[in-house]
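Below is one structure, written out as structure tokens; comments come after it.
Quick note on labels: first sequence line is chain A, next is B, and so on, each numbered from 1.
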Amino acid sequence: MTDDVTQIPIDAGSIDAPLLQIDAVVKRFGGFTAVDGPSLEIRRGEFFALLGPSGCGKTTLLRMLAGFETPDAGRILLNGRDIAGVPPHQRPVNMMFQNYALFPHLSVRDNIAFGLKRASLPRAEIASRVAEMVALVKLEGMERRKPDQLSGGQRQRVALARALARRPQLLLLDEPLAALDKKLRENTQSELMRLQRQLGMTFIIVTHDQEEAMMMADRIGVMESGRLEQVATPRQLYEAPKSRWVAEFVGGVNIIEGDVESRDGGRMIIATHDAGQVTAAAPAQPLTKDRVCIAIRPEKVRLSRRAPAPDADHRAAINRLEGIVTGVSYLGGQTDYQVRLDGGAVLRASVANTARLDVDAYHVTQRVVAWFASDDCVVLEP
Amino acid sequence: MSGRRLFAGPARRAAVAPLLWMLLFFLLPFGFVLKISLSHTVIAQPPYLPVFDLTAGVAAIKAAFAALSLENFRLLISDDLYVLSYLRSVTVALIATAILIAIGYPIAYGMSRLPRRWQPIAMMLVIVPFWTSFLIRIYAWINILQHDGLLNKVLLALHVVSAPVVWLSTDTAMYLGIVYSYLPFMILPLYATLAKMDSSLLEAAADLGSSRLQAFWLVTFPLSLPGIAAGALLCFIPIVGEFVIPDLLAGSDSPMIGQTLWLEFFTNRDWPVASAIATVLLVLLVAPLLVYDRLQRRQLEARR
């Protein structure tokens, strides 16, 4: 791998100012509002993921950054300059398309050189940059092939090389890995991260795959119905979701509904509808209503045959709910249990299989105690 | 590997069907024409000799074979009339095809850019003239182009010309008729190619710094070349052999090969020479087809 690619200049603007500012951008298609006023700042050198279900507006937002759609309201600032009126071919931004959009009549070399030729670079410069890009994505020896003589993974790499060749300030990736099989996708994810760090470039990736977003991105913006539900690091997003929707969209979660009964410093006691009384850490932001829901990740629910001694692990054992195992799914690294609590609620508990022999396994109809710490509960508005 | 399996069993038997069709309706009749082209003309029924009579015995058939000659083909080369007719036909077909591309491409391009729901309507508008008989449409053109026809009336009313212009029996009228008649054959394959083109390719071109015009020349146009080739062949080949349009609309001084053939066959009742003309014409037309086939095969191989 050549190291000289790392010297790609990161251009212009002061270092502190964000590279990209999205300011209350709106896009409507007929009566349908695809993007409904999200605001967002993206730092130079950041790997940012826009995550959301299909139809949430993430691709439309990306296409506005590329210039394929014009916002109906709001501003998009790149290096402090409004680029709303700048046509796509004049933006210092490049996009990698979901279907790759490789030119079928051009060879790998000519596909990669396409953008460089439009920039009227000298021939020698074009040749050296193409060679650099070919080496970067490890396509040596394939330069003369046409796109339909390449495998899916190779095409993906040509598309990436073509988008990187112009050394854009911002690279947009629209579901770049959706067409690859699982194994190849995982390899490519780490490859993309390596490239992004090596080039020091700013990447914005659109994906509906939360694992992909969490693995690659520094920060994730979760979108729903054209709005940004939450912008946070992967850890924050998972451990401190801002809303019930985010909690349910990112990872598995148990949701228990109830009413706040009493508050005591950092703790609150909640009378749940179908799981008895639960003690939870009070949220940082005050709640507006007494009706709440509690979100607990399945791996934070622990199981045992009888109630753990309160003094053994007081903090963790504060919530003890009894029930019956109604489902067992063995998944290799972990086993997922479904426990129907005596109150009627069904809890999911993920237990890591730390031992090869099934000493800790539970079977269906077995009575168990599900227990979890108050700090592991996230109290949200329902 | 899988290709061979694809053509096994019933599929292979079905593949024989087009070959059988070719044999029955093309090769066999062509054999007759070829045989007549090697005969010589007589005033008789049929108007040529030798005649193969399978009941006359081996010796007679041998004699008939011996009587065949290339005399008619020698005539085709030696007489200017035929060479000029061929040249004229190919020239007219080339010019007409060029005009057809120049007119058909923008129309097909425009159709492919229409909103989806308008495209079938545009397609209908291209096809609808076919519902009227070809001959009637050409006669209608005679009506429009004649001395006191619609075109001259309009031009006079608009004071574009001061006296009626002679349109009929000119090359202009002939090209008008040919382009008018063959335009759909150019538009449809072009439209098919342009309409299925992935619009994200144009976005990619724009993203990589191309203006709209550059994107057209660098992406759309090269990708539509197969459509241009298909349309050009679909027009060029029948135009070379065209008889009706030049006969009704063009002047009589330099006939196209179809007209010369007609003349030999019906006026001179010289079946052998007419057959020789048809044979040479076929060979001339097969050449561009083979070139096209080669190009397509190369493209397919490149795809593998």
Practice prompt. Look at atom CZ of B:Arg137 and say whether more than 12 heavy atoms of other residues, nucleotides or ligands are closer to it than 6.0 Å.
Written response: yes

Fill in: Heavy-atom contact with chain B under 4.5 Å, split by part of A:Phe68
side chain

Practice prompt. Specify which of A:Arg162, A:Gln90, A:Arg91 makes the most heavy-atom pairs with chain B at under 4.5 Å.
Written response: A:Arg162

Discussion item. Please check if the number of heavy atoms outside A:Arg75 that lie under 6.0 Å from its CZ is greater than 12.
Written reply: no

Discussion item. Using a 4.5 angstrom heavy-atom cutoff, name the option from B:Asp198, B:Val219, B:Leu202 with the most pairs to chain A.
Written reply: B:Val219

Practice prompt. With the side chain counted from C-beta on, respond yes when B:Pro222 and A:Leu106 share a heavy-atom pair under 4.5 Å apart, and no when they do not.
Written response: no

Fill in: Note, B:Leu218 side chain near A:Arg118 side chain (heavy atom, < 4.5 Å)
yes

Discussion item. On a heavy-atom basis, which atom in B:Leu201 and which in A:Ala101 lie closest, and how many Å separate them?
Written reply: CD2-O, 3.4 Å

Worksheet item: Among A:Pro104, A:Ala163, A:Gly67, A:Pro87, which has the most heavy-atom pairs under 4.5 Å with chain B?
Response: A:Pro104

Worksheet item: Considering all heavy atoms of both residues, which atom of A:Phe114 and which atom of B:Ala205 are nearest to each other, and what is their separation?
Response: CE2-CA, 3.9 Å

Discussion item. Applying the side-chain contact (heavy atoms from CB on, under 4.5 Å) criterion to B:Leu208, which one of A:His89, A:Arg166, A:Lys117, A:Met95 satisfies it?
Written reply: A:Arg166

Worksheet item: When you measure from the side chain of A:Asn94 to the backbone N and O of B:Asp207, does any donor-acceptor pair fall under 3.5 Å?
Response: yes

Worksheet item: For B:Glu203, is it the side chain, the backbone, both or neither that has a heavy atom under 4.5 Å from a heavy atom of chain A?
Response: both

